[in-house]
Amino acid sequence: MGKKSSPSVVILAIESSCDDTSIAVLRDGEVLSNIVSSQIAHKDLGGVIPELASRKHLEKIDYVMDAALSESGLSLKDLTAIGVTAGPGLLGSLLVGLSYAKGLSLQLDIPLVEVNHMHAHILAHFIDDPKPSFPFLCLTVSGGHTQIVKISSVSEMEILGETRDDAAGEAFDKIGKMLGLDYPSGPQVDKLAQEGQAIYDFPISNIPAYDYSFSGLKTAVKYFLRDEIKKDKSFIAKHLKDICASVQAIIVKTLMQKLISASEDSGILEVGIAGGVSANSGLRQALKVTAVERSWNAYIPQISYTTDNAAMVAISAYYKYLGSQYADLSLTPFTRGF
Ligand code: KG4
Ligand code: ZN
């Protein structure tokens with residue numbers, strides 16, 4: 001007689017905190033689909049325009065839902081619970097995903113599970129094997145956040161340090177904008193940096209403990225460019241790759257210095273990176289090199305789990321569902337919070 005297997009847990013998760021509309025389906029911890037529709041409407045506008053972002057989510061969400069279900073090979077009746085990002089993020093954008101999730105939860109009479117976007121970036125490490133063991137240190141670097149987090153279990157996380165002003169992704173984007181690149185310019189700075197040399201010296205911010213500051217770098221680059229352009233109007237065009245390589249090098253060095261201190265002081269050798277900036281080639285390489293030097297077990301997410309995606313929301317919702325941590329339909333979005 002065969003062993004009776006327990007029914008599958010199927011989570012459909014929705015992410016709409018900023019400018020990516022994403023829906024994923026996860027069965028027993030395995031990603032069956034993870035559809036991401038990124039808004040290109042903000043490209044020439046220098047940043048995400050909140051009103052535009054929420055309208056674009058509304059336009060895209062039905063299509064993303066159909067694609068996610070169809071790719072998973074499952075239907076609505078197979079779903080066990082709905083996971084959704086409630087924050088931090090843009091209120092209007094979050095509301096679109098949250099309302100959609102509540103509608104599904106009501107219609108299907110299945111639980112709604114609330115997910116924190118920053119927790120989700122970290123828990124993306126718990127989708128594929130090998131998974132980190134606890135305690136685990138994670139440097140979460142995105143467009144809105146830069147945090148070093150100590151993770152003691154999937155539900156116990158403590159911020160050890162964070163940025164006091166701009167996030168690392170914001171530094172890439174704002175400096176990229178000064179260089180005439182489209183938003184978000186992090187990926188373009190990365191690409192150009194790979195063909196350049198880090199020959200320009202920019203100051204590293206000296207902030208206590210594990211905190212960061214990137215606003216000084218932004219100002220330093222601004223005045224550096226102003227002075228060089230006075231001497232040569234085509235300075236940026238002529239030296240774009242080297243400027244990008246220099247900016248990337250200092251951001252990566254700053255990020256790694258604090259992460260190394262946090263690991264040294266805590267004795268934690270399980271170390272990972274997460275969030276949009278963890279797609280950066282310089283940061284990925286620096287983590288690999290440091291891991292060898294310091295005997296770390298390093299965790300680098302696959303590229304599709306670095307920038308915003310619903311698979312990371314689904315895995316977070318899965319763990320909360322297993323712990324019976326359900327949200328009720330009065331759930332509201334929030335801009336800040338961990
Ligand atoms: O996590 P994410 O998709 O959204 C937020 O939650 O903010 O991160 C987006 C950020 C943007 O600032 C973008 O420029 C940056 O991640 N980014 C990169 C790279 N890919 C994305 N920054 C540097 N190098 C990259 N390859
Ligand atoms: Zn994010």
Side-chain angles (χ1 to χ4, degrees), residues 13-22 24 34 36-40 42-43 45-48 50 53 57 85-90 93-94 97 115-125 138-147 149 162-163 166-179 181-196 214 217-218 244-256 273-287 300-313 316 334-338:
I14 304 178
E15 158 61 41
S16 70
S17 63
C18 190
D19 57 345
D20 297 300
T21 318
S22 181
N34 180 33
V36 184
S37 167
S38 299
Q39 301 176 0
I40 49 166
H42 311 280
K43 195 164 124 327
L45 302 173
V48 176
H57 282 303
T85 302
L90 301 169
S93 290
L94 289 162
V115 172
N116 178 295
H117 182 83
M118 300 315 294
H119 292 198
H121 271 302
I122 294 169
L123 293 177
H125 285 292
C138 189
L139 169 70
T140 317
V141 263
S142 70
H145 296 80
T146 299
Q147 299 172 330
V149 181
E162 62 188 326
T163 184
D166 293 350
E170 204 176 344
F172 271 109
D173 295 337
K174 287 183 175 166
I175 293 171
K177 189 176 172 188
M178 292 179 208
L179 299 172
L181 305 174
D182 285 341
Y183 178 85
S185 28
Q188 297 160 74
V189 171
D190 185 1
K191 202 157 169 257
L192 291 159
Q194 290 176 50
E195 293 165 24
F214 288 101
L217 173 65
K218 190 178 61 187
C244 288
S246 308
V247 166
Q248 179 162 305
I250 190 71
I251 294 177
V252 169
K253 187 173 171 193
T254 310
L255 291 172
M256 289 303 300
I273 51 176
V277 182
S278 68
N280 184 267
S281 62
L283 183 60
R284 294 168 86 87
Q285 182 58 20
L287 187 70
I300 301 177
Q302 58 165 283
I303 294 286
S304 56
Y305 298 151
T306 57
T307 45
D308 291 347
N309 67 88
M312 68 186 196
V313 181
S316 311
F334 57 92
T335 40
R336 266 176 252 283
F338 186 76

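Counting convention: from 1, in listed order, for ligands and their atoms alike.
- The residue among D20, V277, D308 with a heavy atom at the shortest distance from atom 2 (P) of ligand 1 is D308.
- Counting only non-hydrogen atoms, the option in L283, N309, D190, V48 that gets closest to atom 26 (N) of ligand 1 is D190.
- Polar contact with ligand 1: present for G143 (N/O pair, distance under 3.5 Å).
- At a heavy-atom distance under 4.0 Å, no atom of Q248 approaches ligand 1.
- Using a 4.0 angstrom heavy-atom cutoff, C18 does not count as in contact with ligand 1.
- Residue contacts with ligand 1, taken as heavy atom pairs separated by less than 4.0 Å, involve T307 via backbone and side-chain atoms alike.
- A side-chain N or O of E15 and one of T85 form a donor-acceptor pair less than 3.5 Å apart.
- Atom CG of D182 is separated from atom CG of D173 by 11.0 Å, given to the nearest 0.5 angstrom.
- Close approach of ligand 1 to H121 is summarised as follows: ligand atoms under 4.0 Å from at least one heavy atom of the residue are 1 (O), 6 (O).
- Judged purely by atom type and a 3.5 angstrom limit, T140 has no side-chain atom pairing as donor or acceptor with the backbone of G275.
- The CG atom of L255 sits 6.0 Å away from the CG atom of L283 when rounded to the nearest 0.5 Å.
- Of the heavy atoms in N280, both backbone and side-chain atoms come closer than 4.0 Å to ligand 1.
- S17 and H117 share a donor-acceptor pair across their side chains, judged by distance under 3.5 Å alone.
- The contact set between ligand 1 and H117, taken as ligand atoms under 4.0 Å from a residue heavy atom, comprises 6 (O).
- Counting only heavy atoms of the protein, atom 22 (N) of ligand 1 lies nearest to G186 CA, 3.5 Å.
- Residue-level check: among N/O/S atoms of H117, NE2 sits closest to the Zn ion (ligand 2).
- Those atoms of ligand 1 that come under 4.0 Å of a heavy atom in G169, given as number and element, are 12 (O).
- Close contacts of ligand 1 with S142, meaning ligand atoms under 4.0 Å from a residue heavy atom, involve 1 (O), 5 (C), 6 (O), 7 (O), 8 (O).
- When all heavy atoms of H57 and D20 are compared, the closest pair comes out as CE1-O, 3.2 Å.
- Of the candidates V36, D19, D173, the one placing a heavy atom closest to atom 12 (O) of ligand 1 is D173.
- Annotation for D308 and H121: closest pair OD1-NE2, 3.1 Å, computed over non-hydrogen atoms.
- Of all non-hydrogen atoms in T146 and A168, the two that sit nearest each other are OG1-N, 2.8 Å.
- Taking backbone and side chain together, C18 holds no N, O or S atom under 2.8 Å from the Zn ion (ligand 2).
- Annotation: the span from S281 atom OG to Q194 atom CD amounts to 3.5 Å, rounded to 0.5 Å.
- Looking at H145 against ligand 1, nothing comes within 4.0 Å, counting heavy atoms.
- Here the CD1-CZ distance, from I122 to F338, works out to 4.5 Å after rounding to the nearest 0.5 Å.
- Among all non-hydrogen protein atoms, the one lying nearest atom 8 (O) of ligand 1 is G276 CA, 3.3 Å.
- Near G144, the atoms of ligand 1 lying under 4.0 angstrom from a non-hydrogen atom of the residue are 7 (O).
- Considering just the N/O/S atoms of D308, the one nearest the Zn ion (ligand 2) carries the name OD1.
- Counted by atom type alone, N309 and S22 present zero donor-acceptor pairs between their side chains at under 3.5 Å.
- Atom OG1 of T21 is separated from atom CD of Q39 by 5.0 Å, given to the nearest 0.5 angstrom.
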